[in-house]
Visitor: 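I'd like to ask you about the structure that follows.
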Amino acid sequence: MYNRYRRGLFITAFLAAPVALYLIYVISPYVQAFYIATTNWRGVTATPEFIGLENFQRLFGDGIFWKAVTHNAALLVLLPLLTIVIALFFAYLLNVGGAGQGVRGIRGSKFYRVVFFFPQVLSVAVVAVLFQQVFRPDGSGMLNGPLMTLGVKPIGFLSNPDIAFWSVLGVMVWQAVGFYVVLFSAGLASIPKDMFEAAQIDGAGRLSLFFRITLPLLWDTVQVAWVYLGIIALDVFAIVWVMTDQHGGPDFSTTVMAAEIYRNAFSYFRFGYASALGVVMFLFTVGFAILSLRLSRRERIEY
């Protein structure tokens, strides 16, 4: 009994410091944000005025907020879907898609893994600045330069409201795909090759191997990837703020909730309203994670 008490005391003492740090630096800011969302605080007064749910009422009547929600919702569907489909395709080629008999990846697969992963070593801000130059609307742009040489009118990738959002989405997919190629490749490497070879002997083609063996056995990894990418889609900020005109333009055609939180807090000094935006984004993110995990739950396949 004494030894059990000492062991429990040791475990409690060992966990006390990290739990205290978590409460102070994670939970406490959340609680403060919820409180500030019910005030009209502008960042300068020591005692902000309590206004209840006025910020939320104003929020749901704000057209820019609904534009931001619409863009986040579109990213929530398109970013995970496109990234996972492309990453699964490349990971399958790198590990199982080689020609000939047996299970092997395409030639040079190790080199391609490094190439695919390269965008991950770049910070988000660097990627945004890089694609600002790629999308330049004049002859110095990497895309418009060749088009103008061929006599084609330059495309306003970031200046045309109808195209800007899709340009941002393309950059986000480009940056994310490499990591998930490596992630899915690691999952494929853990699947016994005997299963693929036995299926090939039974006459299964590459498409059947993917849908009947690869995808079911990678389902847990795909599920985690979907949740992570969904959270990224809801929390996207740096690429939109750095890369786009007017930090979410033109005409708010690329704005997202995180950008509006920053704009209201540090440009308009409406910290109470920005906190209300943050509370809504927090609820969206938690709700998405819970819903995704519940809808994609299935029995684990052992191999």
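These numbers come from the heavy atoms of this one structure, side chains and all, not from hydrogens, waters or symmetry mates. Residue numbers count from 1 along this sequence.
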Visitor: Are W166 and F157 close enough that their ring centers fall under 6.0 Å?
Guide: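 Centroid separation for W166 and F157: 6.0 Å or greater.
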Visitor: State, to 0.1 Å, how close L234 and M281 come at their nearest heavy-atom pair, and which atoms those are.
Guide: O-SD, 3.4 Å
Visitor: Sequence neighbours left out, what passes ring pair (Phe, Tyr, Trp, His ring centres under 6.0 Å) with F89? Give chain and number order.
Guide: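 F89 satisfies ring pair (Phe, Tyr, Trp, His ring centres under 6.0 Å) with no residue once adjacent residues are dropped.
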Visitor: For F252, what are the other residues in its hydrophobic cluster, where any two members join if their side-chain heavy atoms are less than 4.5 angstrom apart?
Guide: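 Cluster partners of F252: I64.
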Visitor: Give every residue pair that meets the salt bridge (charged side-chain N to carboxylate O under 4.0 Å, His left out) criterion with at least one member in residues 146-169, sequence neighbours excluded.
Guide: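 As it turns out, there is no salt bridge (charged side-chain N to carboxylate O under 4.0 Å, His left out) pair with a partner in residues 146-169 once direct neighbours are skipped.
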Visitor: Please enumerate all residues that pass side chain to side chain contact (heavy atoms under 4.5 Å, CB included) together with V286, with sequence neighbours excluded.
Guide: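 Residues passing side chain to side chain contact (heavy atoms under 4.5 Å, CB included) with V286: F282, I290.
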Visitor: If you group Ile, Leu, Val, Met, Phe, Trp and Tyr whenever their side-chain heavy atoms sit less than 4.5 Å apart, what else falls in with V129?
Guide: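 The other cluster members (ILVMFWY side chains, heavy atoms under 4.5 Å, direct or chained) are V242.
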Visitor: If hydrophobic residues (ILVMFWY) are linked whenever their side-chain heavy atoms come closer than 4.5 Å, directly or via other members, who joins F266 in its cluster?
Guide: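 Grouped by the 4.5 Å side-chain rule, Y35, I36, W41, F237, W241, Y262, F269, F271 form the rest of the cluster around F266.
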Visitor: State, yes or no, whether a side-chain contact exists between V181 and F117 at a heavy-atom distance under 4.5 Å.
Guide: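 They are not in side-chain contact.
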Visitor: Mind checking side chain to side chain donor-acceptor pair (under 3.5 Å) for N55 and listing every partner two or more places apart, or none if nothing turns up?
Guide: none
Visitor: Which residues pass the side chain to side chain donor-acceptor pair (under 3.5 Å) test with T221, not counting sequence neighbours?
Guide: none
Visitor: With sequence neighbours excluded, what pairs up with F165 under the ring pair (Phe, Tyr, Trp, His ring centres under 6.0 Å) test?
Guide: H71
Visitor: Is there a donor-acceptor pair under 3.5 Å between the side chain of T39 and the backbone N or O of P48?
Guide: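 Judged by distance alone, no pair lies under 3.5 Å.
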Visitor: Could you work out, with side chain to side chain donor-acceptor pair (under 3.5 Å) as the rule, every residue matching T255, not counting sequence neighbours?
Guide: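 Testing T255 for side chain to side chain donor-acceptor pair (under 3.5 Å), a comparison that skips the adjacent residues, returns E260.
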Visitor: Y180: which residues meet the side chain to side chain donor-acceptor pair (under 3.5 Å) condition with it, sequence neighbours left out?
Guide: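 Residues passing side chain to side chain donor-acceptor pair (under 3.5 Å) with Y180: none at all.
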Visitor: Rounded to the nearest 0.5 Å, how far does CG of L94 lie from CZ of F184?
Guide: 13.0 Å
Visitor: Salt bridge (charged side-chain N to carboxylate O under 4.0 Å, His left out): which pairs involve residues 42-64, sequence neighbours left out?
Guide: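 Residue pairs with at least one partner in residues 42-64: there are none.
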Visitor: Are the side chains of L158 and M243 in contact, using a 4.5 Å heavy-atom criterion?
Guide: yes
Visitor: Any chance you could measure I231, atom CD1, to F288, atom CZ, to the nearest 0.5 Å?
Guide: 7.0 Å
